[in-house]
Amino acid sequence: FDGSSALYIAFKYTSTTEGAATWEVDNVVVTAGSTLSIEDNLNISDAVKVYPNPSNGMVNITSNVIDKAEYQVFSITGEVVSQGMIEGSQNSINLMDATQGIYTLKITENDKTAVKRIIIK
C-alpha cells in the first residue's frame with residue numbers, strides 16, 4: 001500500500017441473538033512500513049506509563065525497560081504527527097500543536113515494542 005488510494009478494513013462478527021448487542025471493536029491501529037510477527041514483538045506496553053492522559057499536549061513517559069528507543073505518534077488516520085528518540089526512564093513529548101483527539105504512541109527499542117493510546121484535549 002503506497003498511501004495514494006483508500007484502504008478499507010472489514011471485520012466479520014458471528015454471534016447469537018443474545019450476544020449480538022454486547023460486542024465492540026476497539027484499539028485498532030494500522031501502520032505502514034513495518035511488520036511484526038509474534039516472535040518479533042516483545043510487548044513492553046505494561047512497563048511503559050504515559051501521563052497525564054488525557055493531556056493538554058505535554059505527555060510524560062516513564063519506564064524502567066527503555067534505554068534508547070524510537071517513538072512515533074500517529075493520528076487516528078495513521079498520519080505520523082510526531083517522532084523522535086527517547087532515552088532513559090523519564091521523558092516528555094511535546095504535542096501542544098496537535099489538535100484535540102485520539103492518538104497512538106508507538107515506542108520501539110530493538111525487538112521490544114510498546115503501544116499506548118493518548119488523548120489530547
Side-chain angles (χ1 to χ4, degrees):
F1 180 73
D2 63 8
S4 63
S5 61
L7 172 67
Y8 298 95
I9 298 173
F11 297 92
K12 180 180 179 183
Y13 178 74
T14 305
S15 179
T16 63
T17 303
E18 294 81 27
T22 61
W23 67 276
E24 66 181 54
V25 176
D26 196 8
N27 294 329
V28 176
V29 178
V30 178
T31 59
S34 66
T35 59
L36 296 174
S37 69
I38 292 172
E39 294 81 19
D40 295 334
N41 186 13
L42 298 176
N43 190 333
I44 58 170
S45 292
D46 291 341
V48 175
K49 304 299 179 211
V50 176
Y51 64 93
N53 200 9
S55 171
N56 65 355
M58 286 303 296
V59 177
N60 300 305
I61 302 168
T62 60
S63 177
N64 61 352
V65 298
I66 294 175
D67 292 321
K68 185 175 183 179
E70 178 183 359
Y71 76 86
Q72 294 176 301
V73 178
F74 298 93
S75 69
I76 199 158
T77 61
E79 175 188 2
V80 176
V81 296
S82 180
Q83 62 185 5
M85 298 297 292
I86 57 175
E87 294 186 45
S89 61
Q90 295 186 353
N91 293 271
S92 295
I93 299 174
N94 184 344
L95 299 174
M96 298 293 278
D97 293 335
T99 59
Q100 181 179 12
I102 299 172
Y103 295 84
T104 301
L105 169 66
K106 179 180 178 185
I107 299 171
T108 306
E109 181 179 37
N110 300 322
D111 58 352
K112 299 179 288 188
T113 301
V115 177
K116 294 289 191 175
R117 181 185 309 175
I118 301 172
I119 300 171
I120 304 294
K121 60 179 181 173

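Everything quoted here is computed from the prediction, not taken from an experiment. Scope of the values below: all heavy atoms of this structure, side chains included, with no hydrogens, waters or symmetry mates.
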- Message: So does Phe74 get a backbone contact from the side chain of Thr104, meaning a donor-acceptor N/O pair under 3.5 Å?
- Response: no
- Give, for atom CG of Leu105 and atom CD1 of Ile93, the distance between the pair rounded to the nearest 0.5 Å. 5.0 Å
- Nearest non-hydrogen partners of Ala47 and Ser63, listed with the distance: O-OG, 3.0 Å
- Item | Minimum heavy-atom distance Val80-Gln72, with the two atoms named | CG2-NE2, 4.3 Å
- Taking every heavy atom of Ala114 against every heavy atom of Ser45, the minimum-distance pair comes out as CA-OG, 3.3 Å
- Message: Using 0.5 Å steps for rounding, measure from the NZ atom of Lys68 to the CD atom of Glu70.
- Response: 11.0 Å
- Task: Name all residues meeting the side-chain contact (heavy atoms from CB on, under 4.5 Å) criterion together with Thr108; count only those two or more places apart in sequence or in a different chain, and write none if there are none.
- Result: Lys106, Thr113
- Message: What's the separation between atom OG in Ser75 and atom CD1 in Ile120, rounded to the nearest 0.5 Å?
- Response: 12.0 Å
- Item | Pairwise distance CD1(Ile118) to CD1(Ile61) - rounded to 0.5 angstrom | 6.5 Å
- Shortest non-hydrogen contact between Lys116 and Val48, atoms and distance: CE-O, 2.9 Å
- Which atom pair, heavy atoms only, marks the closest approach of Glu109 to Asp67? OE2-N, 2.9 Å
- Message: Nearest 0.5 Å, please: how far is NZ in Lys121 from CG in Asn53?
- Response: 10.0 Å
- Query: According to the side-chain hydrogen bond (donor to acceptor under 3.5 Å, both in side chains) rule, which pairs have a member within residues 91-101, sequence neighbours left out?
  - Reply: Asn60-Ser92, Thr99-Tyr103
- Item | Cluster companions of Met58 among Ile, Leu, Val, Met, Phe, Trp, Tyr (side-chain spacing under 4.5 Å) | Met96
- Note on the structure: Rounded to the nearest 0.5 angstrom, the OH-NZ distance for Tyr51 and Lys49 is 11.5 Å
